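All heavy atoms count here, side chains included; hydrogens, waters and symmetry mates do not. The model shown is predicted, which means the values in this text are computed figures rather than measured ones. Just so we're on the same page: letters track the sequence lines, and every chain starts at 1.
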2 protein chains.
Amino acid sequence: MSQEPIPFNQLKSLLHASGRRMTPQRVLVFNILRGSGNHLDAKRIWQLAREHDRRLNLATIYRTLAVLKEIGLVDQRYFARDHKREIYELAQKPEHYHFTCLGCGQVIEFETAHILQVGRELVEQYGLRLTNTCVCFEGFCVECTDEIVMMEGVK
Amino acid sequence: MSQEPIPFNQLKSLLHASGRRMTPQRVLVFNILRGSGNHLDAKRIWQLAREHDRRLNLATIYRTLAVLKEIGLVDQRYFARDHKREIYELAQKPEHYHFTCLGCGQVIEFETAHILQVGRELVEQYGLRLTNTCVCFEGFCVECTDEIVMMEGVK
DNA sequence: GGTATTATTGCGACACATTTGCAATAAGGA
DNA sequence: TCCTTATTGCAAATGTGTCGCAATAATACC
Ligand SMILES: [Mn+2]
Ligand SMILES: [Mn+2]
Ligand SMILES: [Zn+2]
Ligand SMILES: [Zn+2]
């Protein structure tokens, strides 16, 4: 009778199906990703998680994220700003890409068919098998561009 | 009488034009990038450079690469394999993108107009100003795919 | 060419995200 | 409930890139 799949059970079955165990830590991290909407790094997830479990260790966050990624519930990405930090988000949305504003830090998500098209061409022309694609843009959003223009004018 | 521009003088003038000095270290790093063809990380450049100057420090490599990037002679990229390592290459080729094989490690360069098209759409639709784009693909090349298929067959 | 100015270097220490070894803990199947 | 072993917490380790600073050396100027 339930209209939508219950992600909690989905988590459980995916874990068990891969010989893993369902732990409070994993449920917690998964729920944080589900609730918080968007784009968190490991440390931020850790901060949020510690509000529920003071004891939870950052290493566990990393290991949990790796598991959630492996069973396909979570996507790990790199954003433009600094490519040295891993960003995580729930793997539920349709294929999309990201732009990061260097001024205000906001991330804009967008869809486009062009990237998939590039992949298709790679497969055709080189016979490659793609397993992962990283695409990200950075620059300045409208507001931040305006702000910069204004400050230039003041000078 | 010389048919092609001499990059050495180009380096010198670009450095001086930006109030910088031409040092043996900078020439060395630039020449390594020119000679070695392709896609080196800082440590690799350092190893190659130390064959000419035992004393050269890794920090100098990083600082030099930052300078060469700033004056537009070198591009810094991130490749798929591990996205935390900065990769450098001469900024002479036409706009191109990269695929990394997870099997043999080879990097395949390719051109496509689709990425620029995505940028154009972003500018139009959101009024964004782009300053940087990171695009990279990973997967398996034909040879490595075949090899994997064979090993599967053996099992 | 000699000299003064100051950009650049070498070096060690630092920063920071992520990983790893290991003993203690706790899922979950029997 | 008990047993096996996956998982955790903790501390230490990695790995890449950065920084401060005193010593060095490239350049502008004479
Ligand atoms: Mn997203
Ligand atoms: Mn290239
Ligand atoms: Zn902005
Ligand atoms: Zn290959």
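Whole-Å rounding puts the Leu40(A) CG to dA17(C) C1' distance at 16 Å. Taking atom CG on Leu11(A) and atom C1' on dT7(D), their separation rounds to 15 Å, with Å as the unit. What separates CG of Leu15(A) from P of dA27(C) is a distance of 13 Å, to the nearest Å. In this structure, the CG atom of Leu28(A) is 14 Å from the C1' atom of dT8(D), given to the nearest Å. One atom, CG of Leu65(B), and another, P of dT8(C), lie 15 Å apart when rounded to the nearest Å. The nearest whole Å value for the distance from the CD atom in Glu70(A) to the C1' atom in dA6(D) is 14 Å. Protein atom CD of Glu86(B) is 11 Å distant from nucleotide atom C1' of dT18(D), rounded to whole Å. Rounding to whole angstrom units, CG of residue Asp41(B) and P of dG15(D) are separated by 13 Å.
When the side-chain contact (heavy atoms from CB on, under 4.5 Å) test is applied to Cys141(A), the partners found at least two apart in sequence or on another chain are Cys101(A), Cys104(A), Gln106(A), Glu143(A), Cys144(A), Leu128(B). Not a single side chain to side chain donor-acceptor pair (under 3.5 Å) links Gln76(B) to another residue, sequence neighbours left out. Partners of Tyr78(A) by side chain to side chain donor-acceptor pair (under 3.5 Å), not counting sequence neighbours, listed by chain and number: Lys84(B). Applying the side chain to side chain donor-acceptor pair (under 3.5 Å) test to Asp146(B) and every residue at least two apart in sequence or in another chain returns nothing. Legend: residues meeting side-chain contact (heavy atoms from CB on, under 4.5 Å) with Asn132(B), ordered by chain and number and at least two apart, are Glu138(A).
Lys69(B) has its side chain out of reach of Asp75(B): every pair of non-hydrogen atoms, C-beta onward, lies at least 4.5 Å apart.
At the phosphate of dT8(D), neither OP1 nor OP2 sits under 4.0 Å from any side-chain N or O atom of Thr60(A). Side-chain nitrogen and oxygen atoms of Tyr62(B) include none within less than 4.0 Å of the OP1 or OP2 phosphate oxygen of dT18(D).
Listed by residue number, Lys43(A) are the residues of residues 43-55 of chain A with a heavy-atom contact under 4.0 Å to DNA chain C.
Among residue pairs with one or both ends in residues 55-74 of chain B, none qualify as ring-ring contact (aromatic ring centres under 6.0 Å, His included); sequence neighbours excluded. Legend: side chain to side chain donor-acceptor pair (under 3.5 Å) pairs involving residues 38-58 of chain A, not counting sequence neighbours, sorted by first then second residue: Asn38(A)-Lys93(A), His39(A)-Glu89(A), His39(A)-His98(A), His39(A)-Glu109(A), Asp41(A)-Arg85(A), Arg44(A)-Gln47(A).
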List the protein contact pattern of nucleotides 19-30 of chain D with one symbol per nucleotide (5' to 3'): B for base contact, S for sugar-phosphate-only contact, - for none; contact means a heavy-atom distance under 4.0 Å.
BB----BBS---
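Remark on the helix from dG1(C)-dC30(D) to dA30(C)-dT1(D): inter-end axis angle 40°, axes from five-pair C1' superpositions, rounded to 10°.
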Donor-acceptor pairs under 3.5 angstrom involving side-chain atoms of residues 119-126 of chain A: please list them, not counting sequence neighbours.
from      : atom 1 : to        : atom 2 : distance (Å)
Arg120(A) : NH1    : Gln117(A) : OE1    : 2.3
Glu121(A) : OE2    : His114(B) : NE2    : 2.8

Expected list for residues 11-20 of chain A: side-chain donor-acceptor pairs under 3.5 angstrom, two or more places apart:
from     : atom 1 : to       : atom 2 : distance (Å)
Ser13(A) : OG     : Asn9(A)  : O      : 3.1
Ser13(A) : OG     : Gln10(A) : O      : 3.1
Ser18(A) : OG     : Leu14(A) : O      : 3.1
Ser18(A) : OG     : Leu15(A) : O      : 2.9
Ser18(A) : OG     : Arg20(A) : NE     : 3.1
Arg20(A) : NH2    : Glu70(A) : OE1    : 3.2

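Across all strands, Leu58(B) comes closer than 4.0 Å to no nucleic acid atom at all (heavy-atom distances).
The minimum heavy-atom distance linking Ile115(A) with Thr112(A) is given by the pair CG1-CG2, 3.9 Å.
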